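All remarks here apply to the structure that follows.
These figures come from a predicted structure and were not determined experimentally. Index from 1, following the sequence.
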Amino acid sequence: MTTRYIKANLIYGLVIFATVLLAACGTGAPPTPEPTTTTAPEATAPSASSATQAPQATTASTSVPTPAPQPTSPGTEGPKSAKDKAIAVIGSEPEKLFFMATADAHTTQVTEQMDYYIGHLDKNTLQVTPSHMIVSWEQTGPAEWVYKLRPGVTFHDGEPWNAEAWKTYAEFAGVTDFGVGAYAHTGPYSVEPVDELTARIKCGEPCPLFDRGLNVSQTHSPKQLREQEFSNITIGAGAGPFKLERWDRGSKVVLTAFEDYVPAPESPEHAGPYLKELEFQWRTETPVRAAMIETGEADWAFLLGIEDTERLGPDRFVTGGTAEIAQFRIDTIWDPWLRELDMRRAIVHAINCQDIVDSIYGGTTTCRGNSGAPGVFGITEENIKPYEFNPDLSRQLLEQIGYICDLPNSRQDCEAKIIITSRTARIEKNEELVESMVSFMKDVGINAEANFVETSIRTAMDLCGIGKEGAGGTQIGWQGATAATPPTCEGGVGVGQILEGIGFGYETLDYAKFINRHMLCESARSTVCVPDKEEEWSRARSLAGEERRKALEEIANWERENIYIIPMFDLFAIYGVNPKLRGFEEPRFDKHTFAGLWRFEE
């Protein structure tokens with residue numbers, strides 16, 4: 001198995017994903033559609049003519065006249081498994097088993113099994129389909145939806161899933177205060193219970209793509225959210241196919257099948273579980289994870305490297321998409337140098353992304369100049385074009401702004417340290433990537449340094465921004481502030497200067513997610529605050545059709561010109577697998593894992 005073959009296989013997979021992605025975008029979201037009720041769209045082959053169209057704003061309901069599915073015990077229905085337990089290996093130990101308070105990809109592989117998402121996108125058509133928590137939905141107004149919830153669903157602590165439970169969840173996920181990642185997908189909303197299994201969604205603004213946004217909303221027990229301090233919750237009580245049996249700190253997490261799990265017969269991925277036990281271990285180095293597959297110590301390994309496939313052979317690995325990009329957040333508000341646009345320009349023109357991709361990743365991915373990929377609503381060929389590698393321009397800019405010392409215009413804080421803070425094991429060769437960026441920056445005269453921290457520290461920094469409740473962050477001109485004061489967040493951390501954001505996802509195929517999280521003053525995770533643009537940028541996420549496209553493209557153009565992040569390259573995923581493992585032959589486009597489908601052949 002050669003690297004060239006792997007590269008071709010990955011490129012082929014990305015092309016297929018892009019084709020389906022573009023086809024799923026439909027014919028453009030109507031500005032203010034009349035409420036309708038129809039059946040869920042059937043899976044159809046992608047159409048080439050739809051490649052330039054906008055994501056469809058779903059205004060339809062899925063009416064499924066089937067009996068309410070009953071909880072099933074493992075092994076009583078569906079395919080049989082030759083063994084009852086699977087061992088999975090990820091790259092780092094979870095900091096919390098509470099999805100609402102962590103965005104780490106390795107941790108998410110565990111929490112996803114404890115609680116699937118409220119909404120669901122079919123992995124082949126990218127259309128919205130029913131899930132184990134919702135049966136049907138209807139958009140009843142520009143800022144209103146009505147959902148029918150699946151009956152019989154309970155959380156692992158015995159609390160029922162109903163409209164009141166969703167209302168409690170929305171009090172945390174539908175506002176900016178807590179930094180819950182789901183907010184970037186759905187925008188602001190609240191829930192009004194109509195009856196036990198009917199919920200009226202009241203968006204804070206028009207929300208034509210709300211149904212797609214639920215694809216990244218993992219809810220948790222309302223009892224837990226009501227009775228515990230949000231920041232103190234470390235283990236969430238979900239409603240997924242596996243529940244926590246025990247967490248041996250430093251060693252493993254053991255999940256067991258949740259006997260009261262209610263599957264969704266309309267959506268094949270919401271079946272099972274077929275295993276009785278699922279154990280997660282962690283190893284930082286990808287060769288060690290690959291060796292565990294090779295020796296049979298593990299049945300599934302997350303995010304291996306290209307070189308690892310050489311030792312495994314074609315029967316022991318599969319490739320998939322991630323709908324993610326490697327990017328780095330910049331403090332554009334408080335840092336005295338990074339708030340200077342020319343400093344940020346000097347940095348992006350100093351880094352040779354293509355050289356990094358070729359030398360570290362074997363040329364297997366594509367450099368980007370923005371957050372997203374072709375097909376994401378708001379992204380164009382121009383605003384995603386990589387920044388030119390131009391070290392001479394970088395040196396010129398650094399001299400002009402007085403960063404370089406011993407010049408007539410040198411500032412007192414000339415050649416101040418610029419630190420890139422990162423985890424060590426988010427992706428293959430994570431440290432090499434960051435060290436290469438630092439090296440390129442040093443080559444043009446930037447006093448750059450890499451700072452590798454524990455995942456928990458990096459997550460706390462990622463969840464820190466100007467809109468973080470109680471953190472004290474201010475910006476001149478925002479909410480009457482006359483000074484810019486940096487926030488202090490959980491554990492006493494700040495936002496950092498340049499913070500690794502490898503794995504930012506665009507699962508909803510819409511640039512509004514990036515705006516919600518990284519460009520608004522109201523966001524608890526934003527280090528960008530342009531008061532004069534806040535209303536315009538907030539309004540863009542409420543638009544539909546061509547009006548939405550135009551607004552998002554303009555904002556994406558603005559971001560590329562003003563450089564709020566350092567965009568690097570597309571991510572892909574390589575998984576190690578036991579050759580007898582079934583239910584994971586074709587990984588999803590977005591890295592979501594449905595281990596309820598896993599089983600073993602004889």
Side-chain angles (χ1 to χ4, degrees), residues 24-26 28-41 54-64 116-122 126-151 153 161-176 180-219 222 264 266-267 377 507-510 512-513 516 538-545 547-548:
C25 292
T32 50
E34 291 297 323
T36 59
T37 303
T38 62
T39 56
Q56 184 76 16
T58 303
T59 61
S61 164
T62 58
S63 302
V64 186
Y116 290 163
Y117 302 93
I118 297 176
H120 185 64
L121 296 182
D122 182 89
L126 305 192
Q127 296 297 323
V128 183
T129 66
S131 73
H132 76 305
M133 304 194 84
I134 57 174
V135 176
S136 64
W137 54 94
E138 178 182 5
Q139 184 171 13
T140 53
E144 183 177 291
W145 295 71
V146 174
Y147 277 80
K148 292 292 185 180
L149 312 189
R150 192 171 298 280
V153 176
W161 163 246
N162 52 33
E164 286 289 345
W166 195 349
K167 177 184 177 183
T168 299
Y169 170 76
E171 290 169 358
F172 295 86
V175 297
T176 62
V180 177
Y183 179 89
H185 299 260
T186 61
Y189 77 98
S190 60
V191 173
E192 293 181 359
V194 176
D195 56 41
E196 184 180 9
L197 295 177
T198 306
R200 178 176 289 108
I201 306 301
K202 305 287 286 187
C203 298
E205 59 199 17
C207 49
L209 301 182
F210 180 83
D211 56 340
R212 298 188 72 84
L214 290 179
N215 179 52
V216 195
S217 291
Q218 282 185 354
T219 187
E266 314 92 330
S267 299
F377 209 26
E507 305 95 325
T508 54
L509 320 180
D510 192 270
K513 176 189 173 180
N516 285 345
S538 297
R539 179 176 176 272
R541 62 192 180 191
S542 69
L543 303 176
E547 191 178 10
R548 184 184 186 91

Nearest heavy-atom pair of [X] and [Y]: which atoms, and what distance?
| X | Y | value |
| --- | --- | --- |
| G119 | I134 | CA-CD1, 4.2 Å |
| Y116 | H132 | CB-CE1, 3.4 Å |
| R548 | S542 | NH1-N, 4.1 Å |
| T186 | S217 | CG2-OG, 3.9 Å |

**Request:** Enter the distance from E196:CD to N162:CG here, rounded to the nearest 0.5 Å.
**Result:**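 E196 CD to N162 CG: 5.5 Å, rounded to 0.5 Å.
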With the side chain counted from C-beta on, respond yes when [X] and [Y] share a heavy-atom pair under 4.5 Å apart, and no when they do not.
| X | Y | answer |
| --- | --- | --- |
| N215 | T508 | no |
| L509 | R212 | yes |
| V128 | W137 | yes |
| L209 | D510 | yes |

Could you list the residues that satisfy side-chain hydrogen bond (donor to acceptor under 3.5 Å, both in side chains) with [X], not counting sequence neighbours?
| X | result |
| --- | --- |
| S131 | none |
| E507 | K513 |
| Y117 | E112 |
| S190 | none |

**Item:** For H185, ring pair (Phe, Tyr, Trp, His ring centres under 6.0 Å) partners two or more places apart
**Value:**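 Residues passing ring pair (Phe, Tyr, Trp, His ring centres under 6.0 Å) with H185: none at all.
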**Item:** Contacts of type ring pair (Phe, Tyr, Trp, His ring centres under 6.0 Å), residue Y183, not counting sequence neighbours
**Value:**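 Partners of Y183 by the ring pair (Phe, Tyr, Trp, His ring centres under 6.0 Å) criterion come out as none, since no residue qualifies.
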**Message:** The test is side chain to side chain contact (heavy atoms under 4.5 Å, CB included); show your working for L149 and V135 and say whether it passes.
**Reply:** CA-CA 6 Å; L149 312 189; V135 176; over 6 Å; no
List the atom pairs, with distances to 0.1 Å, where a side-chain N or O of residues 200-208 and a protein N or O form a donor-acceptor pair under 3.5 Å, not counting sequence neighbours.
| unit_1 | atom_1 | unit_2 | atom_2 | d |
| --- | --- | --- | --- | --- |
| K202 | NZ | E144 | OE1 | 2.9 |
| E205 | OE1 | R541 | NE | 3.2 |
| E205 | OE1 | R541 | NH2 | 3.4 |
| E205 | OE2 | R541 | NE | 2.2 |

Sequence neighbours excluded and cut-off under 3.5 Å, please list the side-chain donor-acceptor pairs for residues 163-172, or say none.
| unit_1 | atom_1 | unit_2 | atom_2 | d |
| --- | --- | --- | --- | --- |
| W166 | NE1 | Y189 | OH | 3.2 |
| T168 | OG1 | E164 | O | 3.2 |

